[in-house]
Amino acid sequence: MEDSMLLGVEGIRKTILYGGTSEIPKFMTGSKVTFHFRTILCNDDRTVIDDSKKVGVPMEVVFGNMFKLDVWETLLKSMRIGEVAEFWCDVIHTGLYPMVAKSLRRIAEGKDPVDWHIHTCGMANMFAYHTLGYEDLDQLQKEPQPLIFVLELLKVQQPSEYEREPWALSDEERLKAVPVLHGQGNRLYKLGRLDEAMNKYKEAIICIKNVQSKEKAWEAPWLKLEKMANTLTLNYCQCLLRQEEYYEIIEHTSDIINQHPGAIKAFYLRGKAHMEVWNEAEAKADFQRVLDLDPGMKKTVRKELAVLSMRMEEKREEDRLKYKGMFTEIIPEQETPEQETPEQETPEQETPEKETPEQETPEKETHKQETPEQETPEQETPEQETQEGRIPEQATPEQPVSEEAAPEQKMPEPETALDDDEDP
């Protein structure tokens, strides 16, 4: 084994565990490098905190893309294909490892590595919640320390040898990709290919969030990127509306509203989602907020409220019939044991004594149950009203399409949200 300072780089020692083949590959800006890694604490137990082989997926980085852990590029440049080497790295090189490890772990868990639905940058998020979501990484964040990386170099591809994905682009390339992905998403939405449209919107959001994380929060460049991301997120929510994923819509739109309380389309889409899950008060509040922000939406809001009123009345009638059926089923069950008890008792004198209360009991019960039946005419009045308000019901299936037109014609953000002829 060879143990030496790495190319004179301060704070790094390299030990070759298994020699590779041929010469050291050519590494250049845009080279895609595939490798396995294991991260070990510098303690007596050599505690392993991350291992890509256990996850079953190797790591990929593109050189020159300002990867958060720049030291890995330095380490890999000293390796041959197939080589396995151990690198001791001083704390000056490992301070950002907890943030990198968080993203890698989220990928392994099948989650979004950049938390795009949370509308703050990664560093702001960390300081807001004081945790990375993993206890060992929180400890490393509080007390940075040297780490050992065991790397195995698997493959090196030059820029012309692979198709570059959004995560592998430079910041300039990401910003150029956003309007392209946006336009593709809009066209796929209009064709009804919702899953594909959602993927395009999500790719564009991830590009924006990667660039935005390097800007200072709430300053002009950051806010410009935030507006672009919000527009794409609301497009994503419109796809979710047609897929009936109402609770996810409520989550995403609430994130936007919490940060930007003047986002009209966010209130509108959240109101639609609340209406679909029978949250009457919340839906009314959101539609009223739309009207407060843009009085020109009065006709649209009135139509949505009429649909809401009709749907809630249908739900109440459905519940009334369901619970009425439940109570009518319970009565025979209660009568059966009461009528069986006198049959099992042999004394003839006891039967008339027990028959009288038994006959009174069902009579009282039936009287109690007749009360809701007498109330039914009172409940028929709203049903007559709903017949007058069924015009919005016929328009409901068209709402996803009209949402492109109606909200966008009157709301600044929605105009760009579904217009594929304009940039976000």
Side-chain angles (χ1 to χ4, degrees), residues 32-41 48-76 87 89 91 93-145 147-152 154 164-171 173-175 177-178 199 201-215 217 222 225-226 229 232-233 252 255:
K32 182 178 179 180
V33 182
T34 306
F35 62 99
H36 275 298
F37 74 95
R38 185 186 308 127
T39 307
I40 303 172
L41 295 179
V48 176
I49 57 175
D50 288 301
D51 190 340
S52 63
K53 285 192 174 181
K54 286 187 177 179
V55 175
V57 180
M59 180 69 184
E60 293 179 343
V61 298
V62 175
F63 275 34
N65 264 13
M66 297 178 66
F67 185 66
K68 290 179 181 176
L69 202 64
D70 293 337
V71 69
W72 276 2
E73 289 191 13
T74 304
L75 306 182
L76 291 164
F87 299 88
C89 297
V91 68
H93 301 293
T94 62
L96 288 177
Y97 181 77
M99 292 292 294
V100 175
K102 175 192 173 181
S103 295
L104 299 179
R105 291 182 187 186
R106 289 183 63 84
I107 292 171
E109 293 166 3
K111 299 176 182 176
D112 194 332
V114 295
D115 289 331
W116 64 268
H117 63 283
I118 300 176
H119 294 267
T120 54
C121 70
M123 293 300 288
N125 250 358
M126 184 185 71
F127 290 122
Y129 296 100
H130 307 288
T131 180
L132 295 171
Y134 303 92
E135 188 176 345
D136 56 345
L137 297 183
D138 286 339
Q139 188 62 33
L140 270 179
Q141 188 72 42
K142 292 175 185 175
E143 300 175 7
Q145 56 184 277
L147 295 171
I148 296 170
F149 299 113
V150 179
L151 306 183
E152 179 184 357
L154 302 176
R164 303 181 73 182
E165 298 176 23
W167 64 265
L169 304 175
S170 66
D171 287 350
E173 289 170 326
R174 286 188 181 108
L175 290 178
V178 167
N199 285 334
Y201 293 141
K202 191 171 181 179
E203 285 180 34
I205 292 166
I206 290 173
C207 285
I208 292 170
K209 289 299 177 182
N210 275 316
V211 177
Q212 189 185 30
S213 66
K214 302 180 179 90
E215 301 290 346
W222 187 93
L225 294 167
E226 181 79 349
L232 287 158
T233 302
H252 290 313
D255 286 336

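Considering all non-hydrogen atoms of both residues, Leu137 and Ala101 come closest at CD2-CB, 3.7 Å. Across all non-hydrogen atoms, the minimal contact from Pro58 to Leu154 is CB-CD1, 3.9 Å. Nearest heavy atoms, Arg174 versus Cys207: CD-O, 3.7 Å. Taking each heavy atom of Asn210 and Lys214 in turn, the nearest pair found is O-NZ, 3.5 Å. In this structure, Val57 and His36 approach most closely via the heavy-atom pair C-CE1, 4.1 Å.
Every residue meeting the side-chain hydrogen bond (donor to acceptor under 3.5 Å, both in side chains) condition with Gln139, not counting sequence neighbours, appears here in chain and number order: Glu143. Residues meeting the side chain to side chain contact (heavy atoms under 4.5 Å, CB included) test with Asp51, sequence neighbours left out: Arg38, Val48, Lys53, Lys54.
By the 4.5 Å heavy-atom criterion applied to side chains, Leu175 and Leu225 are counted as neighbours. Residues Thr74 and His93 are not in side-chain contact: their nearest non-hydrogen atoms beyond the backbone lie 4.5 Å or more apart. At a threshold of 4.5 Å between non-hydrogen side-chain atoms, the residues Leu104 and Asp50 do not count as touching. Using a 4.5 Å cut-off on side-chain heavy atoms (C-beta onward), Gln141 and Tyr134 make no contact. Inter-residue side-chain proximity for Val178 and Leu232 is flagged as met; some heavy-atom pair is nearer than 4.5 Å. The shortest side-chain heavy-atom distance between Thr94 and Leu140 does not fall under the 4.5 Å cut-off. Counting heavy atoms from C-beta on, the side chains of Val71 and Leu75 come closer than 4.5 Å.
Rounding to the nearest 0.5 angstrom, the gap separating the CZ atom in Arg105 from the CD1 atom in Ile49 is 6.5 Å. Atom-to-atom distance recorded for Leu147:CG and Leu41:CG is 6.5 Å, nearest 0.5 angstrom. Atom CD1 of Ile205 sits about 3.5 Å away from atom OG1 of Thr233, to the nearest 0.5 Å. How far CG of Asp70 is from CZ of Phe63: 10.5 Å, rounded to the nearest 0.5 Å.
Remark: side-chain polar atoms of Glu60 are not paired, donor with acceptor, to backbone N or O of Thr34 under 3.5 angstrom.
Ring-plane geometry between Phe37 and Trp72 is classed as tilted, the angle between the planes lying from 30 to 60 degrees on a 0 to 90 degree scale.
In summary, the aromatic rings of Tyr97 and Phe149 are positioned with their centroids under 6.0 Å apart.
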